[in-house]
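Step one of this worksheet: look at the structure below.
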2 protein chains.
Amino acid sequence: MKKATVYDIARVAGVSASTVSRILTGSAKVAEEKRIAVENAVKELDYRPNLMAQSLKTGQSMTLGVLTQYLDSPFSNEMLRGVEKALEGTGYVPIVVSGHWNPQQELDRLRLLIARRVDGILILTGHVSQQNLIELSQQVPIVAAGHNINTERVRSYNVNSRLGGYMATRYLLDLGHTQIAHIVGLADQKDAIERLHGYRQALTSAGIAFDPALVVQGDFCEVGGRDAIKQLVASGRPFSAVFCANDQTGYGALLGLRENGLSVPEDVSLIGFDDLPFSTFSNPPLTTVKQPIYETGVKLAKTLLGLIEGSEESDSIELQDELPELTIVARQSTRPFVE
Amino acid sequence: MKKATVYDIARVAGVSASTVSRILTGSAKVAEEKRIAVENAVKELDYRPNLMAQSLKTGQSMTLGVLTQYLDSPFSNEMLRGVEKALEGTGYVPIVVSGHWNPQQELDRLRLLIARRVDGILILTGHVSQQNLIELSQQVPIVAAGHNINTERVRSYNVNSRLGGYMATRYLLDLGHTQIAHIVGLADQKDAIERLHGYRQALTSAGIAFDPALVVQGDFCEVGGRDAIKQLVASGRPFSAVFCANDQTGYGALLGLRENGLSVPEDVSLIGFDDLPFSTFSNPPLTTVKQPIYETGVKLAKTLLGLIEGSEESDSIELQDELPELTIVARQSTRPFVE
DNA sequence: CTGTTAGCGCGTTCAT
DNA sequence: ATGAACGCGCTAACAG
């Protein structure tokens, strides 16, 4: 309950508090015997330095704030794995808060992180405005995915969603499909819009007219995918392939198709976006546009670390590790168009 | 960069630091005009109280440590949702660390949390020993899932895994299946062992001899489920139903069966354990033993909060909200045995 | 009602 | 090499 302090250690070890501090932080040479005495005292009292006090003194909390939207989003969690990996051994610990796609809550959470004096903030997804981003960055360095801004204290990284949308659709076209549906992601989300653009672009460049009836709204989640398929089938508009805005949508679509007596890939080919770990295990395994989610997490974290250490090196860090590009991972949910 | 302090506010508002503090914490009556002056200064300087300093003073960090094994485990994340819900509006924020099923790392992380002066610790899964649990609890109150210990500063909650295993198997038996396989969870994990016990018990009470050839090792993950099915099929031992140690195993099994040309539920019935949100969307949707994961998260968090506030009320809290029991959720992965 | 004073636990001068 | 003294930002006790 009552925790030991440096003074307790000092008393037990028969030295002064500063000596204890010196030993613990390794900031100066100390006599071997005293070091041993202190180390024993630390063990005996099960002493843990109070990080709060340390932070107050040093101005560093060794904590990084991470804003995500849902704690249970497989996408964010995969990215978080990368973040965790990059932070390993650095002494920094992430503290994750979620905004639930609610702009006000996002901002509240961000302010909370600042109150906690995190040394930096990582925004995985969200719709904080550029304006807010810059304002907040006066208090703490920020690295954000899904933005296009690079100031001294804000860095961002963006997936080329339009290209991905193009690639997915192109892949389906190359398989001979011409009636290709698209399940859009969240209505006002940037990547969702970009992927739709890519889809249209691929269609156009293949000389196929864009048909609004083949585009249905999803929500980046399983439910949306399932409902979208239902709607699509009900509309009577024939289609032989579907490009889903992300893998989760694809899982829902898989179920929706089954419920309508359609098999994948026999009746309908399906392609997703992201390549979540689970996509190897969906039934059937999902063909998808692989995005380096994990690597992005690593990169974001490293960039933030660079920003924190001092803006000098951060540029070089950014250059030195380029992210892998988008690629198509062909699995069993797609096949050439027949008949 | 340089953050404003109470003194800055005091200076700008023309009052003393304590008055600022009084207004911000609402700990005493203050003249209306000064309140306004302070509030304006706060806005003007974009002031955020330094939680580090606050903690140092009050001895509370308003932070709860949560130990999980993997950041991307859907099970833990579902429970975490419950925790988040219970913490809403309490001012407490969870900080999540992961142990990766590595005992040493678990302990390290736990100590890290203590160094950060979390006000309490929540252990969602893991294999910290009773011994360690009690030792750590001297420094901070702990609530742990999957343990059987209740001291003044440690509370725990346990799923009745054996009963669940029994229920699952019984359900399959009632459908007429007699050759029922079981994919076990992690080898040395308590719940995994209990579920296996339940499975055997149900078999025995139905007068069916236990056949070791029908029990294969999994790992609580999709991979394990898939591999287990492979192994099972390769062994040549016929079976018409499978009880999977958890839903994730079930998803893998679903794929494994498909890969072996077996359909669910036509050829093989499949039942899982947990009822993860995704089980509604698996292909086909998974019949499973529903465990109140979310509610458990809520309960764990509330219990911990009770422990923190003062051990007096914590008992009543524990009594007043009983958790829902285990139930079978019948979906499309099971059907009566035929032929 | 309000300002002054002290101290939470630590790291870091500054002397010695 | 080591101890004493100070201050990080804040709140609480004590005067007034």
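Every chain is numbered from 1 and lettered A, B, ... according to where its sequence line falls, protein lines coming before strand lines. What you see is a predicted model; the values in this text were computed from it and never measured.
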[N] [atom2] sits how many Å from [X] [atom1], rounded?
X: Lys57(A); N: dG7(C); atom1: NZ; atom2: C1'; answer: 14 Å
X: Leu56(A); N: dC10(D); atom1: CG; atom2: P; answer: 9 Å
X: Ile9(A); N: dG11(C); atom1: CD1; atom2: P; answer: 12 Å
X: Ile23(A); N: dA1(D); atom1: CD1; atom2: P; answer: 13 Å
X: Gln60(A); N: dG9(D); atom1: CD; atom2: C1'; answer: 17 Å
X: Met52(A); N: dG7(D); atom1: CE; atom2: P; answer: 24 Å
X: Gln139(A); N: dG9(D); atom1: CD; atom2: P; answer: 13 Å
X: Leu45(B); N: dG9(D); atom1: CG; atom2: C1'; answer: 15 Å

Closest approach to the side chain of [X], judged atom by atom: which nucleotide of [options] is it?
X: Ser16(A); options: dC1(C), dG3(D), dA1(D); value: dG3(D)
X: Tyr47(B); options: dG9(D), dC10(D), dT2(D); value: dC10(D)
X: Ser18(A); options: dG3(D), dG9(C), dC10(D); value: dG3(D)

Have a look at Glu106(A) and tell me which of Arg111(A), His100(A), His127(A) forms a side chain to side chain contact (heavy atoms under 4.5 Å, CB included) with it.
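So the option named by the test is His127(A).
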Side-chain-base donor-acceptor pair under 3.5 Å for [X] and [N]:
X: Arg22(A); N: dG3(D); answer: yes
X: Ser21(B); N: dA12(D); answer: no
X: Tyr7(B); N: dC8(D); answer: no
X: Arg117(B); N: dG9(C); answer: no

Below 4.0 angstrom from OP1 or OP2 of [N], is there any side-chain N or O of [X]?
X: Lys3(B); N: dC10(D); answer: no
X: Lys34(A); N: dT2(D); answer: yes
X: Gln54(B); N: dG9(D); answer: no

What does Thr25(A) touch in the nucleic acid at a heavy-atom separation under 4.0 angstrom: a base, only the sugar-phosphate, or nothing?
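Sugar-phosphate contact only.
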How would you label the contact of Thr19(A) with the nucleic acid (heavy atoms, under 4.0 Å): base, sugar-phosphate, or nothing?
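Sugar-phosphate contact only.
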Want to settle it: does Glu33(B) or Pro49(A) sit nearer the 5' end of DNA chain C, counting the closest nucleotide to each?
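It is Glu33(B), whose closest nucleotide lies nearer the 5' terminus.
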Side chains of Ser55(A) and Gln60(A): any donor to acceptor distance under 3.5 Å?
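Short answer, no.
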Return yes if a side-chain donor-acceptor contact under 3.5 Å exists between Ser76(A) and Thr68(A), otherwise no.
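There is such a pair (donor and acceptor under 3.5 Å, judged by atom type) between the side chains of Ser76(A) and Thr68(A).
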Is any NZ, NE, NH1 or NH2 atom of the basic residue among Arg81(A) and Glu78(A) found under 4.0 Å from an Asp or Glu carboxylate oxygen of the other?
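Yes.
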Applying salt bridge (Lys or Arg N to Asp or Glu O under 4.0 Å), name anything that partners Asp8(B), two or more places apart in sequence or on another chain.
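For Asp8(B) the salt bridge (Lys or Arg N to Asp or Glu O under 4.0 Å) partners, ignoring immediate neighbours, are Arg11(B).
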So do Lys85(A) and Glu295(A) actually touch side chain to side chain, heavy atoms under 4.5 Å?
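SC-SC contact between Glu295(A) and Lys85(A) ruled out.
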